[in-house]
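The structure presented is a predicted model; accordingly, all values stated were derived computationally and were not measured.
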Amino acid sequence: LFEIGGQTIQFYISRAGGICVGMFTFLSGYGLYISYNKNISYKGIFKRIYNFYKKYWLVFFIFILGGFVLGKYKFNLTQFILNLIGLEDSYNGEWWYVRLYIMLLLSYPIINKILDRYNYKFVLIISFLINIGGYGITTLSAIFNIKFRLLALLALLLGGQFLFILGVVIAKYGLFNSLNEKINIKRKTYIYLSIVTFFIIVFIEDILVIGEIAKLILIPIFVFTLVNAIKDESCL
């Protein structure tokens with residue numbers, strides 16, 4: 001259709017899907033608190049993990065069976081089991097998120113206890129800094145070709161927990177509702193803001209480190225503006 005900065009608009013549209021991971025992480029934290037509040041035990045967490053795996057395994061076996069039939073994969077028992085439980089994504093690189101999601105679910109009761117004990121602003125600052133540290137560990141591991149599974153899992157959790165915790169905090173303290181009460185702007189303005197925020201996220205994605213850090217702040221803003229943009233005002 002046309003080009004921006006030497007790239008077609010189609011390229012940027014396809015890149016836009018990259019924000020879905022951050023949105024899902026944020027909404028997972030938000031949704032967990034709305035669903036369970038603080039009243040969830042590890043029994044409930046394990047039940048949720050089991051229900052998640054049932055859906056994952058359905059896709060997994062259909063996908064892998066097709067891969068074996070078409071000769072895309074050679075059977076290796078260790079590799080098969082590690083992919084089955086999500087510790088590896090050698091069959092499908094997009095399945096890396098499985099292990100992060102499971103670790104975030106397991107962390108949820110601990111996060112709630114921390115938020116009950118400490119001021120949420122302090123928790124978010126520490127979480128943000130830890131998240132950047134996780135990015136650093138991942139980057140250094142790639143540069144020096146360090147391949148320790150436990151280190152990789154730790155770096156993944158540290159570099160993926162901020163948006164999840166932020167989602168929990170916003171739900172727990174009703175921050176979106178409070179913000180809506182303070183800024184009374186028209187729906188049309190939210191539509192413009194969500195579009196602008198979306199494109200900012202897409203265009204900064206290639207900026208190493210800065211792009212990733214900026215998304216930690218911009219994704220919750222995008223969710224907030226988008227929800228207000230599509231909200232049915234007749235229900236207010």
Between CG on residue L105 and CD1 on residue I111, distance to nearest 0.5 Å: 9.5 Å

Rounding to 0.5 Å, atoms CG (L106) and CZ (F46) come to a distance of 6.0 Å

Stepwise, does the side-chain contact (heavy atoms from CB on, under 4.5 Å) test hold for M23 with F222? CA-CA 9 Å; M23 288 178 64; F222 175 65; 3.7 Å; yes

Would the number of heavy atoms belonging to other residues, nucleotides or ligands and lying under 6.0 Å from CG of L70 be above 12? yes

I81 and E88, any side-chain heavy atoms less than 4.5 Å apart: no

Could you measure the distance from the CG atom of L65 to the CZ atom of F61? Nearest 0.5 Å is fine. 10.0 Å

Please state whether the rings of Y97 and F24 are parallel, tilted or perpendicular, taking 30° and 60° as the class boundaries. perpendicular

Mind checking side-chain hydrogen bond (donor to acceptor under 3.5 Å, both in side chains) for D89 and listing every partner two or more places apart, or none if nothing turns up? R99

Minimal non-hydrogen separation, F176 against P220, with atom names: CZ-O, 3.8 Å

Answer yes if V98 and L58 sit in the same cluster of Ile, Leu, Val, Met, Phe, Trp and Tyr residues linked by side chain heavy atoms under 4.5 Å apart, and no otherwise. no

Are any non-hydrogen side-chain atoms of I102 and Y53 less than 4.5 angstrom apart? yes

When you look at I34 and Y30, which way does the side-chain contact (heavy atoms from CB on, under 4.5 Å) test go after all the steps? CA-CA 6 Å; I34 294 297; Y30 188 96; 3.7 Å; yes

With a 4.5 Å heavy-atom cut-off, do W96 and L156 have their side chains touching? yes

Q7 meets the side-chain hydrogen bond (donor to acceptor under 3.5 Å, both in side chains) criterion, sequence neighbours left out, with none

Y118, OH atom: more than 12 neighbouring heavy atoms under 6.0 Å: no

Counting only N and O atoms by type, is there a donor-acceptor contact under 3.5 Å from the side chain of T189 to the main-chain atoms of I185? no

For a quick test of reading the model, state the closest non-hydrogen atom pair linking S90 to N83 and the distance between them. OG-ND2, 2.9 Å

For F199, check side-chain contact (heavy atoms from CB on, under 4.5 Å) against everything at least two apart and list the hits. I195, F203

ILVMFWY cluster, Y33 and V227 together (side-chain gap under 4.5 Å): yes

Does the side chain of L153 come within less than 4.5 Å of L157's, by heavy atoms? no

Would you say N184's side chain and N180's backbone share a donor-acceptor pair under 3.5 angstrom? no

If the plane angle is over 60° it's perpendicular, under 30° parallel, otherwise tilted; pick one for Y73 and Y91. tilted

Measuring from atom CG of L87 to atom CG of L82, what distance do you get when rounded to the nearest 0.5 angstrom? 6.0 Å

Would you call I200 and L218 a side-chain contact if the rule is heavy atoms closer than 4.5 Å? yes

Tell me whether S194 contacts the main-chain N or O of I191 through its side chain, where contact means a donor paired with an acceptor under 3.5 Å. yes

Measure the shortest side-chain to side-chain distance between V21 and E94 over non-hydrogen atoms and say whether it is less than 4.5 angstrom. no

Atom pair OH/CG of Y101 and L104 - distance to nearest 0.5 Å: 9.0 Å

When rounded to the nearest 0.5 angstrom, what distance separates CZ in F128 from CG in L163? 9.5 Å

I110-Y108 co-clustered via ILVMFWY side chain contacts under 4.5 Å: yes

Check step by step if side-chain hydrogen bond (donor to acceptor under 3.5 Å, both in side chains) holds for E3 and T8. CA-CA 4 Å; E3 292 188 355; T8 64; over 6 Å; no

Quick check: do F60 and N92 have side-chain heavy atoms less than 4.5 Å from each other? no

Pair Y120-L175, side-chain contact (heavy atoms from CB on, under 4.5 Å): steps then yes or no: CA-CA 11 Å; Y120 76 84; L175 299 184; 3.9 Å; yes

Would you indicate whether F75, at its atom CZ, is surrounded by more than 12 heavy atoms from other residues, nucleotides or ligands within a distance under 6.0 Å? yes

side-chain hydrogen bond (donor to acceptor under 3.5 Å, both in side chains) between Q161 and S127, intermediate numbers included: CA-CA 7 Å; Q161 46 73 44; S127 173; 2.5 Å; yes

Are W57 and Y50 near enough that their ring centres are under 6.0 Å apart? no

pair F162-L124: side-chain heavy atoms closer than 4.5 Å: yes

Work out which heavy atom in G22 is nearest to a heavy atom in I219; give both atom names and the distance. CA-CD1, 3.6 Å

Check for me whether the distance between the ring centres of F164 and F26 falls short of 6.0 Å. no

